[in-house]
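Below: the structure, in structure tokens.
Hydrogens, waters and symmetry mates are skipped; everything else that's a heavy atom, side chains included, is used. We count ligands from 1, going down the list as the structure has it; atoms in each ligand are counted the same way. Given the structure is predicted, the values throughout are model-derived calculations rather than measurements.
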Amino acid sequence: MTVQSTIPAPHVSDTKVPVHVAIIMDGNGRWAKARGLDRSAGHVEGVNTVRRITEAASEAGIGYLTLYAFSTENWNRPQSEVDALMHLIGMAIERETPDLIRNNVRLTMIGDTDRMPPEALDRLNGCIESTSHCSGLTLCLALSYSARWELAEAVRRISNEVADRRLAVGDIDEHTVSRFLTTASMPDPDLLIRTGGDQRISNFLLWQIAYSEIYFTPTYWPDFTKEQFREALDSYAGRERRFGLTSEQVLSDCDGATSP
Ligand code: IPE
Ligand code: IPE
Ligand code: MG
């Protein structure tokens, strides 16, 4: 196995379109409550936003869109809400698959998906299979996902590698950890958006967002529009990502990258 022993300085890119956008889609329940509706009506409306924002992400030329759809902690919600959500996810995936293929979107998922009800899981796996040839946007659904679950899994799997002598303890570095996370095939998110007004991470991608730009909006997820998504992209484009460097270093790195 090839293991890099030194951690290279993060590449400071001058590209203004994020490669990977991750979204904590929050506020479905409050959206419904504000209208005197059942919480599940908010989740139903939230699916329309998923379709809209997936389209907007494709249009913007984003490579990866990771959506936090259901956390490990969400299993503790009232059973009726969990059941309704799982049913909705299965139905929505089946309904949207032809459009995903038409729009060249590849579906993937991360999380402890063995906990998903078989019906929803079958439909998800079917969609993943049917869209595996798509080469446009990668849409990654985080389902039954939590970052602490993922990190504990990674530690367990790395320990097994060590026990089986496929990996030396001294060779474990940041790259090793990244390789054992569920997101190993994706770059870290450049931009993390949370809708719904709360300013917290709720156990999402804790390792991967080390240097992500964060954008909070009070808009509930069902109300989140393409225009608002583009505002988040504009905000990202206007930021200077320094990765621990000075502003002068970042600027000279950009000059270097663009000079012939
Ligand atoms: C986000 O909306 C969707 C899930 C967590 C499944 P919520 O259901 O958390 O809505 P609020 O935050 O209660 O309004
Ligand atoms: C985060 O939302 C999880 C998802 C969006 C799937 P929550 O509504 O579960 O988060 P908290 O409980 O407000 O932190
Ligand atoms: Mg919430």
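By the 4.5 Å heavy-atom criterion applied to side chains, Tyr236 and Lys16 are not counted as neighbours. The shortest side-chain heavy-atom distance between Leu191 and Tyr215 falls under the 4.5 Å cut-off.
Enclosure of atom CE in Met91 is not indicated, since only 12 or fewer non-hydrogen atoms of other residues, nucleotides or ligands lie within 6.0 angstrom. Within a 6.0 Å sphere centred on CD of Glu119, other residues, nucleotides and ligands contribute 12 heavy atoms or fewer. Within a 6.0 Å sphere centred on CD of Glu129, heavy atoms belonging to other residues, nucleotides or ligands number 12 at most. The number of heavy-atom neighbours closer than 6.0 Å to CZ of Arg230, taken from other residues, nucleotides and ligands shown, is above 12.
The part of Phe70 lying near ligand 2 is the backbone, judged by heavy-atom distances below 4.0 Å.
Of the polar atoms of Ser202, at least one N or O is found under 3.5 Å from an N or O of ligand 2, judged by distance alone. Among the atoms of Tyr68, none of the N or O lies under 3.5 angstrom from an N or O of ligand 2. Ligand 2 has no N or O atom lying under 3.5 Å from any N or O atom of Asp198, backbone or side chain.
What sits closest to atom 6 (C) of ligand 1 on the protein, heavy atoms only, is Ala69 O, 3.4 Å. Among protein heavy atoms, the minimum distance from atom 2 (O) of ligand 1 is reached at Asn28 N, 3.2 Å. If you check which protein heavy atom lies closest to atom 10 (O) of ligand 1, you get Gly29 N, 2.9 Å.
Of the listed residues (Arg200, Arg77, Glu73), the one carrying the non-hydrogen atom nearest atom 7 (P) of ligand 2 is Arg77. Of the candidates Asn76, Leu85, Asn203, Asn74, it is Asn74 that places a heavy atom closest to atom 9 (O) of ligand 2.
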Test side-chain contact (heavy atoms from CB on, under 4.5 Å) applied to Thr217 and Glu231, step by step: CA-CA 10 Å; Thr217 166; Glu231 279 168 23; over 6 Å; no
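Side chains of Arg115 and Thr72: a donor-acceptor N/O pair is absent below 3.5 angstrom, by distance only. A side-chain N or O of Glu240 and one of Ser247 form a donor-acceptor pair less than 3.5 Å apart.
Ligand 2 does not have Arg30 within reach: every non-hydrogen atom of the residue lies 4.0 Å or more from it. For Lys33, the heavy-atom gap to ligand 1 stays at 4.0 angstrom or more. Proximity of Gly27 to ligand 1 is established by a heavy-atom distance of less than 4.0 Å. For Met25, the heavy-atom gap to ligand 2 drops under 4.0 angstrom.
Here the options are Asp188, Thr66, Asp190, the test is side chain to side chain donor-acceptor pair (under 3.5 Å), and the partner is His20; only Thr66 passes.
At least one donor-acceptor pair under 3.5 Å links the side chain of Thr131 to the backbone N or O of Leu107.
Atoms NE2 and CZ, from His175 and Arg179 in turn, are 10.0 Å apart once rounded to the nearest 0.5 Å.
Protein atoms of type N/O/S that fall under 2.8 Å from the Mg ion (ligand 3) number 1 in this view.
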